[in-house]
Amino acid sequence: MATAATATAPASASTSGRGSPAASSSSSAAVCLVPFRWWAMVREEAAEGGVRYAATAAASPPYYGLRLLHSLLHPDLVLRLERGECRGGAECGAGRRSYALVPADELSRVLARQNSSLALHNKHSFAGDSAGAYPLVFRISVRETSILTVKISKKDNPVDNYKRANKIFSTDSQPVHVWDFSGQTNLILMNEWNRSHHDCCHSEQENLLEVQVYAMSDSLTSKIGGTNKEYAEQSSGNVHDMNADLSYGSFGRSYTTGLIGLENLGNTCFMNSSIQCLAHTSKLVDYFLGDYDKDINRTNPLGLNGELALAFGELLRKLWNTEKKPVSPHHFKAKIACFAPQFSGFNQHDSQELLAFLLDGLHEDLNQVKCKPYEEAKDASGRPDKEVADEYWSNHLARNDSVIVDICHGQYKSTLTCPTCSKTSVTFDPFMYLSLPVPSMAKRAMTVTVFSTDGSLEPASYDVSVPQFGSLNDLIQAVSSACSLGDDEILLITEVYNNCIIRYLEEPSDSVSLLRDGDKLAAYRLPKKYEKSPLVVFTHQHFDGHSSVDNITPQMKEFEAPLLAALPEKVNGLTLKSMYLKLLNPFRFSKGASSLNDSGRRDSNCAVNLMNATPDSDGKFQSAPLEDASESSHCDINECQGTEGPSKSYTGGTADSDWEANMEQFEFYLTNGRGCVQQMRVETNELDLFETAPNRLYINVHWQQNALRQYGTSMLISLPEIHKLELISKGTEDSVALHGCLEAFLKEEPLGPEDMWYCPCCKKHQQAMKKLDLWRLPEVLVIHLKRFSYTQFIRNKLETFVDFPICDLDLSSYVTDKSELSSCHYRLYAISNHYGNMGGGHYTASIYHEDSKGWYKFDDECVTPITEDSTKTPAAYVLFYRRE
């Protein structure tokens, strides 16, 4: 930043000191304060004739406590300027805080020569340009022949200007030197010497000097012409010395600036990463190195009283000065914590969440609209998209006008279509960044055991592959295909734990990430006609002599897999027991696998027919023949032989006695859904258990010891666990192009159940289809890759490698407004990276430095050069593109 000074004697200036202030005798002359190094390189003649002064703070108490008390009692900034021996040569300007007082007319000639086209055609005058200028009033007095005292008082200057002066002329960190090429200090000294000879009883006289200070950013430097890099080529001096004003930015940017790290205050790498990306957005840098104070809106109820913008501007200027040591963002973090308590403390946070808050907060702090008009959103109603989009954009700009809007705001088209009446609603909404889903090719192998609900099929376990972070609908489709589910069937998937169904997985949109590797799943094939019917859930227990402590008294042990069937309208004890025996059909031992009769063989088909027997109105049982069985497999139920015990068999018994013998091996009890046995046994002769069948009826069945000899229980005793994640190499299968993420973001999809749209035609909320299209692209496009997913139970991170272009991101095929196609090409300049997992990750930034023409890695305090190819990693989280 450069400063300009004009010697005047304002009548409104207040008086102080022992004498009345006197106007400088050269009040009509105008002088400017500029960086000495810059002036030495651009002036017409050699930098000779200047008088050097060393600025030091006036005497103050040596101890901190006394200095603090002194600053409260004497708040003025007082400098002691002592004349030195060096007289103006370029070798005297080695200090980086070196200024030169020069005549304004001579400076104007230099600027005109540097950029004559601007000076002649645009008539730009640096000395007369009031944009970004602020006044400072100096009170100068003579202490000795070669010593001047300069006082900058709060009474003479606005508070903000006084604070700026303290930063510019602070001598705490390093000395300040001033060279006078204008002759103003010599004139003040001569006047004081003449007056002292005529008035022997004179009091100390103060001379007022009004200084107009200009904040010079890159934009103003370009108007003047040239950059510090160009000046460096013309001078043998160190390029670091050309940047004056250390705390308030430089007189233009040097190619060595902007490569300063940020200290980690304790898990603040997420903040450092976002700040560095914004601090290297060139248009933001130009803006905050300029005089942005005039744009601060302190009355905006949605803003932060301008404090966030001031804190960010101060931090950005520190990052763009010529100091090489890392900057501590203590003050900036404190300001953020004041307005966003979620970022207080020292926990790790999401860099994109901080970025969103920061961009929104800066916009509101700098919003030039003091009174926002209300504009009701209108539907398209058949009008051309261009007309509707321009109307929405105009309404948006009427309420929002800031540098953030100019740089980062774009517009997309949102189309909602009612699935019932096909009513279409079109709106055009602004966006500050794009949050793109990351389609993952990683698969998860899962094992599900499928049971029938009518006893027609044996249970079977299926290994299926679903997307690693897919939905339950993906799992249902995979299992349905594996088990050849019929068109007239549905699949009910449940989670089983400790002999009970603890959860029915009935919401297709739920993520499979909710299911842990050790969970066990059971699926049930249910006819579609019973989709809304009440269900009965059978859990089972059996006596296990090996589980008892004394190996004498048998203990009850639970089967793990429940069985499930649809309930009829009327429920009685006989019906429940018949349904259970039918569900056990697939588990009954096959031919030759159970207790043998006298000939050592048992007809398995007879056993199946016995289980298919159903009671008639008289309580007699008739066989229900199998549809697909051959004639040779049919037999009369009276011919079937059933085993009664370990060594006994039936010979010539009736169906009634066989059925009753089998039923005696099971006891039925009503339970609740948690498996707690209720002391209510279900008897066969109970006609009506319930007036109305419950939605879920839970029955616990106790197996007698001899029942285990007739059934194969391996599929009931234990269910397999869900398999663990498959490991897939990131460079091959688990990768996706950035265009694939864009297409996933823009594809048509139904709204979620919690985001139902009210259809004006149907007069009710509908789960409409939503389609997004890009309409208007911003100058700086921020792309957030949605790697993190959060649920009530689990948090995940996608490590998918996203292949993004660096040099030419062409979005023309995604922009609906064809008039915008010429501005659809972008170049990458910054990346916010996240390494690690959700529990212990680390953020860095990869940034392209324009002046150095290379990429750098910003890892908190460390800044190191990297290759362009190394910027593409699976850690890329937020991408920053600027329009080419």
[Y] ring center within less than 6.0 Å of [X] ring center:
X    : Y    : value
F587 : Y711 : no
H842 : F270 : no
H702 : F666 : no
F788 : Y877 : yes

- Applying side chain to side chain contact (heavy atoms under 4.5 Å, CB included), run through L505 and L515 and close with a yes or a no. CA-CA 10 Å; L505 308 180; L515 302 172; 4.1 Å; yes
Using modelled atom types only, decide if a donor and an acceptor are shared between the side chain of [X] and the backbone of [Y] within a distance under 3.5 Å.
X    : Y    : value
E667 : V701 : no
R787 : A875 : no
K520 : I722 : no
S578 : L574 : yes
Q352 : H784 : no
T494 : A522 : yes
S452 : L457 : yes
H349 : Q342 : yes
R444 : V512 : yes
K771 : E749 : no

Restricting to non-hydrogen atoms, name the atom on [X] and the atom on [Y] that form the minimum distance, rounded to 0.1 Å.
X    : Y    : value
P562 : I501 : CG-CG1, 3.9 Å
D517 : E721 : O-CB, 3.9 Å
T800 : V736 : CG2-CG1, 3.9 Å
Y835 : T873 : OH-OG1, 4.1 Å
W757 : L751 : CB-CD1, 3.8 Å
L436 : I783 : CD1-CG2, 3.5 Å

- Task: Using the side chain to side chain donor-acceptor pair (under 3.5 Å) rule, take S351 and S273 through it: C-alpha gap first, then chi angles, then the decisive distance, then the call.
- Result: CA-CA 7 Å; S351 68; S273 175; 5.1 Å; no
Return the [atom1] to [atom2] distance between [X] and [Y], rounded to the nearest 0.5 Å.
X    : Y    : atom1 : atom2 : answer
L746 : L774 : CG    : CG    : 5.0 Å
M579 : L584 : CE    : CG    : 12.0 Å
L514 : R503 : CG    : CZ    : 6.0 Å
I493 : L475 : CD1   : CG    : 4.0 Å
N700 : Y669 : CG    : OH    : 9.0 Å
T713 : E560 : OG1   : CD    : 12.5 Å

Side-chain H-bond candidate by donor/acceptor type, [X] with [Y], under 3.5 Å:
X    : Y    : value
T447 : S461 : no
D429 : S414 : no
S846 : T871 : no

- Walk me through it: do I699 and T671 pass the test side chain to side chain contact (heavy atoms under 4.5 Å, CB included)? CA-CA 6 Å; I699 302 293; T671 69; over 6 Å; no
Do [X] and [Y] have side chains that get closer than 4.5 Å, going by heavy atoms?
X    : Y    : value
K770 : D755 : no
F804 : I831 : yes
Y497 : I502 : yes
E558 : T539 : no
L492 : L535 : yes
L583 : F538 : yes
V450 : L485 : no
L785 : L738 : yes

- Message: A quick test of your reading: do over 12 heavy atoms of other residues, nucleotides or ligands sit less than 6.0 Å from CD of E458?
- Response: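 Incorrect, the count does not exceed 12.
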- Let me see the working for S714 and I717 under side chain to side chain contact (heavy atoms under 4.5 Å, CB included), right down to the final yes or no. CA-CA 5 Å; S714 60; I717 290 176; 5.9 Å; no
- Message: salt bridge (Lys or Arg N to Asp or Glu O under 4.0 Å), that's the test. Do R525 and E489 meet it? Break it down for me.
- Response: CA-CA 6 Å; R525 307 170 68 119; E489 292 179 298; 3.0 Å; yes
- Message: Does R696 qualify as a cation-pi partner of Y504, given the criterion of NZ or CZ under 6.0 Å from the six-membered ring centre and within 45 degrees of its axis?
- Response: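 Relative to the ring axis of Y504, which defines the angle, R696 lies inside both limits.
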- Task: Any chance you could lay out the side chain to side chain contact (heavy atoms under 4.5 Å, CB included) test for Y814 and D773, step after step, and finish with the verdict?
- Result: CA-CA 7 Å; Y814 304 102; D773 295 288; over 6 Å; no
- Between K582 and D454, is there a salt bridge with N-O shorter than 4.0 Å?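 Here D454 does not pair with K582 in a salt bridge, since their nearest N and O are not under 4.0 Å apart.
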- Query: Picking from L772, V782, L781, what satisfies side-chain contact (heavy atoms from CB on, under 4.5 Å) with F431?
  - Reply: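 Considering L772, V782, L781, a side-chain contact (heavy atoms from CB on, under 4.5 Å) with F431 is found only for L781.
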- Check the angle between the aromatic planes of F559 and H540 and answer parallel, tilted or perpendicular using the 30° and 60° thresholds.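 Ring orientation, 0 to 90° scale: perpendicular.
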